[in-house]
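Here the structure comes first, spelled out in structure tokens, and everything after it is commentary.
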Amino acid sequence: MLKKIIFAGCLSLMAFSGGVVAKETYVVGSGGTYRPFEFENSQKQLEGFDIDIIKAIAQAEDFDIKLINTPWEGIFATLSTGDRDILISGITITDKRQKMVDFSAPYFPADQAIVVSENSKIADLEGLKKLNVGVVNSSTGDIVVSDIIGKNSTAIKRFDNTPLLLQELYEDGIDAAVGDVGVVKYYIKTHPEKKFKLIYDPHFEKQYFGIAVAKGNSQLQQKINTGLQKIVADGTYAKIYQHWFDEQVPELPSK
């Protein structure tokens, strides 16, 4: 007779006549509004780059996960209350957040990038001066461009989301755009007819996404890090990255 009991962050016990096999199940919180990292499909199931990554880590470390669409507002509190064991939701590792949660090693370079048409002569951030530049309102890109051009400059065109921003670039309503590299790469991959290219500038701050666990949960943190190392080493990470973005798979720092 088979019996199965599942608790969040506890053991799934499968009792067989020959003995007991223990497998842990962790509740994973992830937002559903940040394509291509996490979003809901037509069946209301979460999918995306982050979802594929945490599933691969779970498989590599032989634990189960239960995915729950979790709104960004208040997402960190779900770790302290125990409602979630793991958060993977395009979360940038920052000093402020490291005081609240513990992060895995970086799993994605969350850089900014300049987007221009393929025949543009723009080569760096300095080249954006005196041009009309589009950004997503209140984003990191907005902050970067505001520092260069001036926050109140009429040359900065602000949009509600990246697709609207890049459509304006395609229609020549702006000269360049600055946005999150992952979101932009996905857009370029799914809209090859628009013939955009990316430009990186060393003045962009280097940032990374991390997987969050409750402060002090070093055992789960290590398990995630070990799984991440495994999927990078065996090529699984590269396959997932290439599926969602492009062939330029990044090298990840160890911590």
Side-chain angles (χ1 to χ4, degrees), residues 31 33-39 48-50 52-53 89-94 106-209 237-253:
T33 59
Y34 189 38
R35 191 182 295 261
F37 293 95
E38 49 273 328
F39 58 96
F49 175 80
D50 282 357
D52 288 348
I53 290 295
S89 194
I91 304 172
T92 304
I93 300 171
T94 66
Y107 72 93
F108 187 87
D111 303 331
Q112 295 294 297
I114 303 167
V115 193
V116 293
S117 60
E118 65 176 2
N119 58 356
S120 172
K121 291 183 169 48
I122 296 171
D124 52 27
L125 280 171
E126 283 296 311
L128 301 182
K129 291 181 177 179
K130 299 182 180 179
L131 298 178
N132 289 320
V133 183
V135 297
V136 173
N137 190 33
S138 300
S139 66
T140 302
D142 189 351
I143 295 170
V144 171
V145 174
S146 294
D147 286 343
I148 295 170
I149 299 177
K151 184 175 181 178
N152 298 319
S153 172
T154 56
I156 300 177
K157 310 299 180 183
R158 296 179 171 90
F159 298 83
D160 290 335
N161 56 60
T162 301
L164 287 175
L165 166 65
L166 296 182
Q167 182 61 29
E168 186 74 2
L169 177 62
Y170 179 66
E171 294 175 357
D172 295 325
I174 52 179
D175 301 302
V178 175
D180 295 346
V181 68
V183 179
V184 169
K185 278 192 171 190
Y186 177 73
Y187 188 93
I188 291 173
K189 182 182 180 70
T190 53
H191 297 81
E193 75 283 356
K194 295 187 177 177
K195 301 186 184 304
F196 291 142
K197 67 178 179 181
L198 292 180
I199 298 168
Y200 301 96
D201 187 290
H203 292 93
F204 284 131
E205 181 183 359
K206 198 71 177 173
Q207 295 182 312
Y208 291 93
F209 288 161
Y237 179 92
K239 289 179 182 177
I240 295 172
Y241 187 94
Q242 289 163 351
H243 172 75
W244 290 104
F245 304 111
D246 56 30
E247 300 298 314
Q248 300 173 4
V249 181
E251 284 191 25
L252 300 175

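In this structure, Arg35 and Val183 have side chains that are not in contact, with every pair of non-hydrogen atoms separated by 4.5 Å or more. Residues Ile122 and Leu131 form a side-chain contact, since some pair of their non-hydrogen atoms from C-beta on lies under 4.5 Å apart. In this structure the side chain of Asp175 never reaches within 4.5 angstrom of the side chain of Ser117, judged on heavy atoms.
Counting all heavy atoms, side chain and backbone alike, Ala177 lies closest to Leu166 at CB-CD2, 4.0 Å. Closest approach of Gly31 to Ser89, counting heavy atoms only: N-OG, 2.9 Å. Between Ile114 and Phe204, the shortest heavy-atom distance links the atoms CG1-CZ, 3.8 Å. Between Pro163 and Tyr187, the shortest heavy-atom contact is CA-CE1, 3.8 Å. Residues Pro109 and Tyr208 approach most closely at CA-CD2, 3.5 Å, considering heavy atoms. Residues Gly90 and Tyr107 come closest through the heavy atom pair N-OH, 3.7 Å.
Taking Ser146 as the reference, Asp142, Lys151, Ile156, Arg158 meet the side-chain contact (heavy atoms from CB on, under 4.5 Å) condition, with sequence neighbours excluded. Applying the side chain to side chain donor-acceptor pair (under 3.5 Å) criterion to Tyr237, with sequence neighbours excluded, gives no partner residue.
Thr140 OG1 to Glu205 CD: the interatomic distance, rounded to the nearest 0.5 Å, is 8.0 Å. Note that the CZ atom of Phe39 and the OG1 atom of Thr33 stand 11.5 Å from one another [nearest 0.5 Å]. In this structure, CD in Gln248 is found 7.0 Å from OH in Tyr241, a value given to the nearest 0.5 Å. Atom OG1 of Thr154 and atom CG of Asn132 lie 7.5 Å apart (nearest 0.5 Å). The NZ atom of Lys185 sits 3.5 Å away from atom CG of Asp246, with the distance rounded to the nearest 0.5 Å. Lys194 contributes atom NZ, which lies 14.0 Å from atom CD of Glu118 (distance to the nearest 0.5 angstrom).
For Glu193, the CD atom is densely surrounded, since the number of other residues' heavy atoms within 6.0 Å is greater than 12. Counted within 6.0 Å of NE2 on His191, heavy atoms from surrounding residues, nucleotides or ligands total more than 12; the atom is thus considered enclosed. Within 6.0 Å of the NZ atom in Lys239, the count of heavy atoms belonging to other residues, nucleotides or ligands does not exceed 12.
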Which is it for Phe209 and Thr92 under the side-chain contact (heavy atoms from CB on, under 4.5 Å) test, yes or no, and what are the steps along the way?
-> CA-CA 4 Å; Phe209 288 161; Thr92 304; 3.4 Å; yes

Derivation and outcome, side chain to side chain donor-acceptor pair (under 3.5 Å), residues Asp180 and Gln112 = CA-CA 5 Å; Asp180 295 346; Gln112 295 294 297; 2.6 Å; yes

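For the pairing with Leu165, the side chain to side chain contact (heavy atoms under 4.5 Å, CB included) check across Val135, Val184, Ile174, Val178 returns one residue only, Ile174.
Listed for the Asp201 side chain is a donor-acceptor partner under 3.5 Å among the backbone atoms of Leu125.
Residues Tyr186 and Phe196 keep their aromatic ring centres 6.0 Å or farther apart. The distance between the ring centers of Phe108 and Phe245 falls below 6.0 angstrom.
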